[in-house]
Student: 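To start, I am sharing the structure in question, which I have written as structure tokens.
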Amino acid sequence: MSSAQITDPYDITASSNNLGRRRRIQKLVSFVAILSAALAVALLALVLGTVLFKGLSQIDTAFFTKPAALFGEKGGIADALIGSALIVGMAMIMAVPIAILVAIYIAEYAGPKAASFFRVMLDVLNGVPAIIVGIFIYGLLVVGKGQSAIYGAMALAILMIPMVARATQEILELVPRHLREASLALGVPRWRTVYSIVLPTAIGGILTGVVIAVARVAGETAPLLFTSSITQNQISFDIHNALPTLPVRIFTLSESPSPDDQAAAWAAALVLIAFVLVMNIVAKVIANRKRRSLEGG
Amino acid sequence: MSTVTPDPLAPAPIDRQGIRLGDVLFKGIAFVAAVGVAAVLGLLTYEVFSLAWPAIQEFGLSFIWTQGWNPNSNVYGALVFIYGTIVTSFIALLLATPLSIAIALFLTEIAPGRVAAPIATMVELLAAIPSVVLGLWGILVFGPWVANHLEPWLQSWFGFLPIFSGDPSQAGILPAALVLTIMIIPITSAICRELFSRVPRDLSDGSLALGSTRWEAIRRVAIPYAAPGISAAVLLGLGRAFGEAIAVTQVIGSGNTINESLFPPGDTLGSRIASSYIGASTAIEAQSLLYLAAILLVISLITNVSAQAIVNRFQKARRMSTG
């Protein structure tokens, strides 16, 4: 390669007389990039490791079967586990059908303008801080009627809807066009096509979206602070009253100066993080299996 | 395709009216759901403002630049919390943006696929850690480390800067900003990674073929190509940082003054709402907290909508250029 004839000032080979320096910069940049990735991985390991180390020693069967401590007694998280399961379960029941319908409208029925309008709405709703969603439900319902697990679930459902709807809509748009066309050409009405061709094809992706959304809202504290936080810390299944939850429990315990409370906070954090990680792994497995079956078919 | 033998798979004679009804009904329900979700966004904005309305009437816009929060003398102002929100979020952004770009470059340009995939998963998992758990770690492990090691070190080297002056503190603006950094790295780095992986291969190959080093190809081809997307990623990270309340509440302490130094405790809009709302002693204090919520809502809506606008314009330009 002769670079002598080239006079173009933007020519990058013109500086080849600095090759040594340019290679050193290249090495430096690679080093910085590797270091940054290592830092992120180290942070993850550090946080997970600390939670595991500090939490594991506190965990025994009693921790899962007893409710929170009163005074000077070693307590458990049974009440918070039940509350979290009920609230997140209700949120899922509320959010998933609505989210899938919204996604179907955007992907199957809406024109390009309407589709982009509703997509932006979902993204903006997704960007509303969780604490504001808590305040919204607080002002709308809690102010007059008092806290309740149902209102907590509604707040979490508002957070879930945009996540699940966007994930579903993206998957629906990946469903091959020819499947829809074949079905419509056979005279199957549109809604049946969506119900029995498009949704079953997309079910893996939809499930992945749901699982990830569940994992995320299961760790949300701020919306529950306003809707389901003033609790008795007793085992209760009464969804018309506020129920204790895992994240709110961790939040309250973490602000306590007592070492016993802090130890309980670590243990509860370990349970929550284990749930979240397992859900994320489940989502990955579903996504991979679905991809393989699509590729295989 | 046979036209003589009757097709056994042929659909039974169909009731056109029934199909039409089913379709209209289904489309209608889906439409109502979509409109309902859009309406929730509107209702939410209306509700937050109407809850805050008494305080908005009482204090007017000057609330925004009033400093101080004293229920006893009925002085309420948002300036301290707006300052706290902006300072923590911008420090987080300042640290997270270069780190995220570097991580994305590592994953797309440097690491072989076998290494990149698990590391990408781990960076994603960082985003999966619930904020209350990160806050717990922040208050009990990270905060003390910041106070005992990081802040004294910063002071000994950069103590001449007013932002690094004063006594180290376990809870404060600096640890809050660093915890936010950890929270937004996975968001921005995931988007940057996506962007870099979409840089057309022939462009970067062309640059390499002309004799540029990998970094030069990245700097002159990949980064300019991805720049609008990176700015949208940064805005999305910023939106997340503005709105994060729980982890920040746990590590920022609580403060009613603006300090030059980053060491002492402070408060952000979100952290003040989260820590004080339940204990608000008077109606006007509660309404002032809701005024803070309204400000937070407006800030995050603006940030998110701008990010969307950038993404949309970027995609439109891309679609035109590719065909």
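In what follows, chains carry the letters A, B, and so on, assigned in the order in which the sequence lines appear, proteins first and then strands, with residues in each chain numbered from 1. No experiment lies behind these values; they were computed from the predicted model shown.
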Student: Quick check on B/L301 against chain A: is it the side chain, the backbone, both or neither that has a heavy atom closer than 4.5 Å?
Tutor: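 It is the side chain, since no backbone atom gets that close.
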
Student: Please classify the contact between A/I161 and chain B as side chain, backbone, both or neither, with a heavy-atom cut-off of under 4.5 Å.
Tutor: side chain

Student: Chain A heavy atoms under 4.5 Å from B/L134: which part of the residue, side chain, backbone, both or neither?
Tutor: side chain

Student: Please tell me if the side chains of B/V132 and B/Q250 come closer than 4.5 Å, counting only heavy atoms from C-beta onward.
Tutor: yes

Student: Sort B/I139 into side chain, backbone, both or neither according to what part of it lies under 4.5 angstrom from a heavy atom of chain A.
Tutor: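 B/I139 touches chain A through side-chain heavy atoms alone.
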
Student: What part of B/E244 gets within 4.5 angstrom of chain A, counting heavy atoms only: side chain, backbone, both, or neither?
Tutor: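 Neither part; nothing is under 4.5 Å.
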
Student: Mind checking whether B/F196 and B/I223 have side chains closer than 4.5 Å, heavy atoms only?
Tutor: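 They are in side-chain contact.
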
Student: Only counting residues at least two apart or in another chain, list the ones meeting side-chain hydrogen bond (donor to acceptor under 3.5 Å, both in side chains) with A/N280.
Tutor: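 None.
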
Student: Counting only non-hydrogen atoms closer than 4.5 Å, does B/L51 touch chain A with its backbone (N, CA, C, O), its side chain (CB onward), both, or neither?
Tutor: side chain

Student: For B/R214 and B/E109, indicate whether the former's side chain and the latter's backbone hold a donor-acceptor pair under 3.5 Å.
Tutor: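 Judged by distance alone, yes, a pair lies under 3.5 Å.
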
Student: Can you say whether B/A128 sits under 4.5 Å from chain A via the side chain, the backbone, both, or neither, judging by heavy atoms?
Tutor: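 Both parts, heavy atoms under 4.5 Å.
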
Student: Go through the atoms of B/L290 and report whether side chain, backbone, both or neither lie under 4.5 Å from a heavy atom of chain A.
Tutor: side chain

Student: What part of B/T45 is in contact with chain A, defined as an atom under 4.5 angstrom from a non-hydrogen atom: side chain, backbone, both or neither?
Tutor: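 Looking at B/T45, nothing touches chain A.
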
Student: Under 4.5 Å from any heavy atom of chain A, what part of B/V311 do you find: side chain, backbone, both or neither?
Tutor: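 Answer is neither: B/V311 stays 4.5 Å or more from chain A.
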
Student: Between B/I246 and chain A, which part of the residue has a heavy atom less than 4.5 Å away: side chain, backbone, both or neither?
Tutor: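 Answer is both: backbone and side chain atoms of B/I246 are under 4.5 Å from chain A.
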
Student: At a 4.5 Å cut-off on heavy atoms, which part of B/I110 comes close to chain A: side chain, backbone, both, or neither?
Tutor: side chain

